[in-house]
S.K.: 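Here it is, the structure, as structure tokens.
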Amino acid sequence: MIRSKLFPSTSLLTLLFVAVGPSVAAYSQSTTDWPSFRGPGGRGVADGGDVPIQWNADSEDGPNEGVLWEAEVPGLGHSSPVIVGERIFLLTAVPDEGETELNIAAGGNIDAAEDSGSYSWIILCYDKSTGEELWRKTAHHGEPKATRHSKATHANSSVCVDGDRVVACFGSEGVYCYDLDGTLIWERDLGVIDVSKYGIGWGYASSPAIHGGRVAVIGDDPDHPFVTVLQLSDGEEVWRSDRSEVCERSWGSPFIFEADGVTQMVVNGFPWIVSYDFETGEELWRLEGGGDNPIPTPFMANGWIYITNAHGGKAPIYVLRPEARGTILIDSDEESEEESDDEPNPLVWSVERGGSYMSTPVVSGDYLYLGNSNGVVRCFHAITGEKMFEKRLGKEAGVIASLLSVDGNVVCASENGTVYVLMSGPEYESLAENSMGEPCFATPAVAGGVLFIRTTKRLVAIGNTE
């Protein structure tokens, strides 16, 4: 059984001082750019912008309270808005003929979508202030090399931006690097990445990540899973690690961070979650994964690494110290080889059930919030692991998008077309239920006091209109 754990010789008061103190100073400034999936540091946290709590973006209700502008988005894509300066970037896939559809609120349907014909895989760029489309570039055209889940798209991942480089990964359709004005710098073919289960291709969903002039890309096709790091300048491969011994499939994105002079890249997976030395590809530590469909992306808060996954009867939450090394044991009363009287357990705390399946959680204040595809939101104390509450948001309120902490409130975009805003704290308190008029699968973004939400058909800017 997985047990909640604290450092054996450390008081809760000391933990609160050590864990919370540095993070407040480091992230108190206003969020101006949102350069990748889940924003700065991949934390999903935006502060200092005075983003509205209530709005109405249902175009059929009008007038649209709190809507600064909205823009139609062609095709289908679950990629999140990425914002740098005055530009917003999205990915989409547009069929040559007809319209593609999503299986909304379909529950446990495991089938692939019935797509046929050719697609265009497109990078879109919008003006942040007006929503005007600045440019669009077709990165690839042809028939899909792998199928998608009926609730997924052929453009699920988000771009990442560093300086004047915009990197988009479409899985089997390749990796592409453009400048901010849409000029192609380089492209790279990764081969077919058919992330499948039950013999059905469920589609690619891992967003790339940039750090130190390098781009990390995950390709966990069950037949030949791998992770690779490319040069941002020209797309040349720096290193590649075969993951056939550690991972059967995954859909999460790489999490890259520096601690104690070492740059780590943590990749969610099943049966193993693994951290790599970002410079060399050497494995630093591994942890048994739990849920057999690992989708959420690891992230850091309070100086610790938060990881969750679900499916197959398991839904754990793991909180680890970045100093972890070697194989980390969970279901054992014996100390691991790395644990001694002088070195505390690398596992800060863990719970066996309560993790999320698709949505990446967020830490807001002292609390960890998780959203699930069945509409249930759970809250744990982020430092102790104590469960605070479990609450169902509403009818068909499946949470596929990752959660955000915006000015201290928790934002949950839902499949039923409602964006729920919750007050951070140990008890459930709903501040607002905001209609978008269409399902929301993509994770929202925040920049300059404006919340950018992608629905299945539109990109909407939410802000103070007075």
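Not measured: the values here are computed from a predicted model.
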S.K.: The criterion is ring pair (Phe, Tyr, Trp, His ring centres under 6.0 Å); which residues satisfy it with F380, sequence neighbours excluded?
M.R.: none
S.K.: Under the salt bridge (Lys or Arg N to Asp or Glu O under 4.0 Å) rule, collect the residues that match up with D277, sequence neighbours excluded.
M.R.: none
S.K.: In a check of ring pair (Phe, Tyr, Trp, His ring centres under 6.0 Å) between H78 and each of W251, F441, F37, which one passes?
M.R.: F441
S.K.: Residues in salt bridge (Lys or Arg N to Asp or Glu O under 4.0 Å) with R353, at least two apart?
M.R.: none
S.K.: Suppose we screen for side chain to side chain donor-acceptor pair (under 3.5 Å). Which residues come up paired with H311, at least two apart in sequence or across chains?
M.R.: K197, D292
S.K.: So does C125 get a backbone contact from the side chain of R136, meaning a donor-acceptor N/O pair under 3.5 Å?
M.R.: no
S.K.: Relative to each other, are the rings of Y276 and W239 parallel, tilted or perpendicular (30° and 60° limits)?
M.R.: tilted
S.K.: Sorted by first residue and then second, give each side-chain hydrogen bond (donor to acceptor under 3.5 Å, both in side chains) pair with at least one member in residues 184-194; sequence neighbours left out.
M.R.: none
S.K.: Who pairs with N416 by side chain to side chain donor-acceptor pair (under 3.5 Å), at least two apart in sequence or on another chain?
M.R.: S414, T418, Y420
S.K.: Can you sort out the partners of T228 under side chain to side chain donor-acceptor pair (under 3.5 Å), two or more places apart, ordered by chain and number?
M.R.: E237
S.K.: Are the side chains of V410 and L404 in contact, using a 4.5 Å heavy-atom criterion?
M.R.: no
S.K.: Between N345 and L347 (side chain of the first, backbone of the second, donor and acceptor by atom type, cut-off under 3.5 Å), is there such a pair?
M.R.: yes
S.K.: Tell me, please, which residues at least two apart from K387 pass salt bridge (Lys or Arg N to Asp or Glu O under 4.0 Å).
M.R.: E390
S.K.: Using modelled atom types and a 3.5 Å cut-off, is there a donor and acceptor pairing between side-chain atoms of T32 and backbone atoms of G448?
M.R.: no
S.K.: Checking side chain to side chain contact (heavy atoms under 4.5 Å, CB included) against V406, which of D47, I53, D50, V51 comes through?
M.R.: V51
S.K.: Under 4.5 Å between any side-chain heavy atoms of Y318 and L287, yes or no?
M.R.: yes
S.K.: Check for a donor-acceptor pair, side chain of W121 on one end and backbone N or O of H154 on the other, with a separation under 3.5 Å.
M.R.: yes
S.K.: Can you find a pair of side-chain heavy atoms, one from E248 and one from D220, that are under 4.5 Å apart?
M.R.: no
S.K.: Only pairs at least two apart or in different chains count here, so list each salt bridge (Lys or Arg N to Asp or Glu O under 4.0 Å) that has a residue in residues 417-433.
M.R.: none
S.K.: Taking the six-membered ring of W272 as reference, does the cationic atom of R286 (NZ for Lys, CZ for Arg) lie under 6.0 Å from its centre and within 45° of its axis?
M.R.: yes
S.K.: Do any N or O atoms from the side chain of T308 and from the backbone of I317 form a donor-acceptor pair under 3.5 angstrom?
M.R.: no
S.K.: Determine whether the side chains of E86 and S129 contain a donor N or O and an acceptor N or O closer than 3.5 Å.
M.R.: yes
S.K.: Would the distance check show the side chain of Y357 and the main-chain N or O of N293 forming a donor-acceptor pair, the cut-off being under 3.5 Å?
M.R.: no
S.K.: In the structure I gave you, are the side-chain heavy atoms of M300 and Y306 within less than 4.5 Å of one another anywhere?
M.R.: no
S.K.: Sub-3.5 Å donor-acceptor pair from the side chain of D164 to the main-chain atoms of D179, do we have one?
M.R.: no
S.K.: Between H381 and Y367, does the ring centre distance come in under 6.0 Å?
M.R.: yes
S.K.: Should the pair W69 and F452 be assigned to parallel (<30°), tilted (30 to 60°) or perpendicular (>60°) ring geometry?
M.R.: tilted
S.K.: Under the salt bridge (Lys or Arg N to Asp or Glu O under 4.0 Å) rule, collect the residues that match up with E438, sequence neighbours excluded.
M.R.: R458
S.K.: E282: what forms a side chain to side chain donor-acceptor pair (under 3.5 Å) with it, not counting sequence neighbours?
M.R.: none
S.K.: Main chain of S36, side chain of S158: is a donor-acceptor contact present, judged purely on distance under 3.5 Å?
M.R.: no
S.K.: Quick check: do D260 and E323 have side-chain heavy atoms less than 4.5 Å from each other?
M.R.: yes
S.K.: Which residue is it: V267, I273, N268? I am looking for the one with a side chain to side chain contact (heavy atoms under 4.5 Å, CB included) to P294.
M.R.: N268
S.K.: Check whether F226 forms a cation-pi arrangement with R243 (NZ or CZ under 6.0 Å from the six-membered ring centre, at most 45° off the ring normal).
M.R.: no
S.K.: Can you list everything that forms a side chain to side chain contact (heavy atoms under 4.5 Å, CB included) with M436? Sequence neighbours excluded, please.
M.R.: W55, A57, V419, C440, I453, T455, V460
S.K.: Thinking salt bridges, do K137 and D181 make one under a 4.0 Å N-O criterion?
M.R.: no
S.K.: I want to check something: taking the side chain as every heavy atom from C-beta on, are S356 and I295 in contact at a cut-off of under 4.5 Å?
M.R.: no
S.K.: Can you find a heavy atom in the side chain of L102 that is under 4.5 Å from one in the side chain of K151?
M.R.: no
S.K.: Please check: side-chain N/O of S424 versus main-chain N/O of G408, any donor-acceptor pairing under 3.5 Å?
M.R.: yes
S.K.: Is the closest side-chain heavy-atom distance between I88 and V82 below 4.5 Å?
M.R.: no
S.K.: Where the side chain of Y428 meets the backbone of G425, is there a donor-acceptor pair that is under 3.5 Å apart?
M.R.: no
S.K.: Assess, by modelled atom type and distance only, whether the side chains of S207 and S157 contain a donor and an acceptor separated by less than 3.5 Å.
M.R.: no
S.K.: Just say parallel, tilted or perpendicular for the rings of F257 and F255, cut-offs at 30° and 60°.
M.R.: parallel
S.K.: Could you report the tightest heavy-atom contact between G131 and A71, atom names first, then the distance?
M.R.: O-CB, 3.5 Å
